[in-house]
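Structure, as structure tokens:
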Number of protein chains: 2
Amino acid sequence: MNRASRKKLEAKGWRLGDAQDFLELTDKEMAFIEMKLALGRDLKKHRQLKRLSQAAFARRINSSQSRVAKMEAGDASVSMDLLIKSLLELGVSRKELARSIDQSNRRTV
Amino acid sequence: MNRASRKKLEAKGWRLGDAQDFLELTDKEMAFIEMKLALGRDLKKHRQLKRLSQAAFARRINSSQSRVAKMEAGDASVSMDLLIKSLLELGVSRKELARSIDQSNRRTV
DNA sequence: TGACAGTATGTCAGATATGACATATTATTT
DNA sequence: AAATAATATGTCATATCTGACATACTGTCA
């Protein structure tokens, strides 16, 4: 991971282990974070497909506009549970969720 | 969902919506819970493949034996985040995680 | 330009998840 | 059977996540 990417993530509140940590650990951290980012992107995509504003969608899941914004932005304060529940609420299937989780539809941070 | 299954889940601490709720909602609840159960089963499988006791694995992820037991048992107090981080720690790939998330390797509760 | 809808970002009190511990239950080994 | 290892279950103080709110920013339309 380059300096710029790391900066970007740290801005979102992610506390990453020291660069001296051995690589495997960092890889696991990254895999986890990338999954959340992927789910956030998907959330945005599906919400927009349904022509819902963040506020409208927030109402639907008993949350708030700001939290929806954070979900889509990959904020570190957002749990996997919330992301997945939200996607299900949008009618996304387990199969589609699986595609987001999977490495294959990757995109660099 | 039948009465026995519901009882089983409620024993694990899951608070399910009233049966009068319309079906779609219940389906989403169930999809979410089934995902967690699937991840828990996978965790157990991979831990055993590596011949680790719950206590030994717990040490590796800075957790405790009791929490690992809860993860594997599908306890409601366990987050998706913890399940997924734990699976990654066991060396499970995103692709394999995706398979658990996916409906296809389903098993009734 | 200003008004307005949508989104982003920061903060916080309350809600939920966490590791740790105690203790019970269930294999496994001798 | 008794000792030992592994797993299950309950509780709790603390850590982390949450919705809500305030407020800032970004478009877009008149």
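The chains referred to below are lettered A, B, ... by the order of the sequence lines, with proteins before strands, and numbering in each begins at 1.
B:L39 pairs with exactly one of B:V92, B:L83, B:L82 by the side-chain contact (heavy atoms from CB on, under 4.5 Å) rule, that one being B:L83.
The base of C:dG10 is paired with the side chain of A:K70 by a donor and an acceptor separated by under 3.5 Å. Side chain B:Q65 to base D:dA8: a donor-acceptor pair is found below 3.5 Å. Side chain A:S64 to base D:dC21: no donor-acceptor pair is found below 3.5 Å.
Atoms CD (B:Q54) and P (C:dT26) sit 15 Å apart, rounded to a whole Å. Between the CZ atom of B:R15 and the P atom of C:dA15 there is a distance of 17 Å, given to the nearest Å. A:R67 places its CZ atom 15 Å from the P atom of C:dC12, with the value rounded to the nearest Å. In this entry the distance linking CZ of B:R51 with P of C:dT28 reads 13 Å, nearest Å. Note: CD1 (A:I61) to C1' (D:dT18) measures 11 Å, nearest angstrom. As rounded to whole Å, 7 Å separates atom P of D:dT18 from atom CG of A:D81. Across the protein-nucleic acid pair, A:R60 atom CZ and D:dG19 atom C1' stand 18 Å apart, rounded to whole Å. Per the geometry, CE belonging to A:M80 stands 12 Å off P belonging to D:dT18, to the nearest Å.
With salt bridges taken as basic N to acidic carboxylate O contacts below 4.0 Å, one links A:D81 and B:K36.
Across all strands shown, A:R59 has no heavy atoms under 4.0 Å from either base or sugar-phosphate atoms. Among the atoms of the strands shown, only primed sugar atoms or phosphate atoms (P, OP1, OP2) are found under 4.0 Å from some heavy atom of A:N62. Residue contacts for B:S79: at a heavy-atom cut-off of 4.0 Å it reaches the sugar-phosphate backbone alone, with no base atom in range. The residue A:V78 sits close only to the backbone: its heavy atoms come under 4.0 Å of sugar-phosphate atoms, none of a base.
Neither side chain, A:E89 nor A:S86, offers a donor N or O lying under 3.5 Å from an acceptor on the other.
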For a side chain to side chain contact (heavy atoms under 4.5 Å, CB included) check, start with the C-alpha distance between A:K45 and A:L90, then their side-chain angles and the critical distance, and finish with the verdict.
CA-CA 10 Å; A:K45 187 182 80 183; A:L90 277 173; over 6 Å; no

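Set against D:dA8, C:dG6, C:dT9, the side chain of A:S66 has C:dT9 as its closest nucleotide. For A:L82, counting side-chain heavy atoms from C-beta on, the closest listed nucleotide (D:dA20, D:dA6, D:dT18) is D:dT18.
Residue-to-nucleotide proximity on DNA chain C shows that, of A:S53 and A:A11, the 5′-proximal contact is made by A:S53. When each of B:K85 and B:V68 is assigned the nucleotide of DNA chain D bearing its nearest heavy atom, the one mapping closer to the 5' terminus is B:V68.
What you find for A:A38 and A:S100 is that their closest heavy atoms are CB-O, 3.7 Å.
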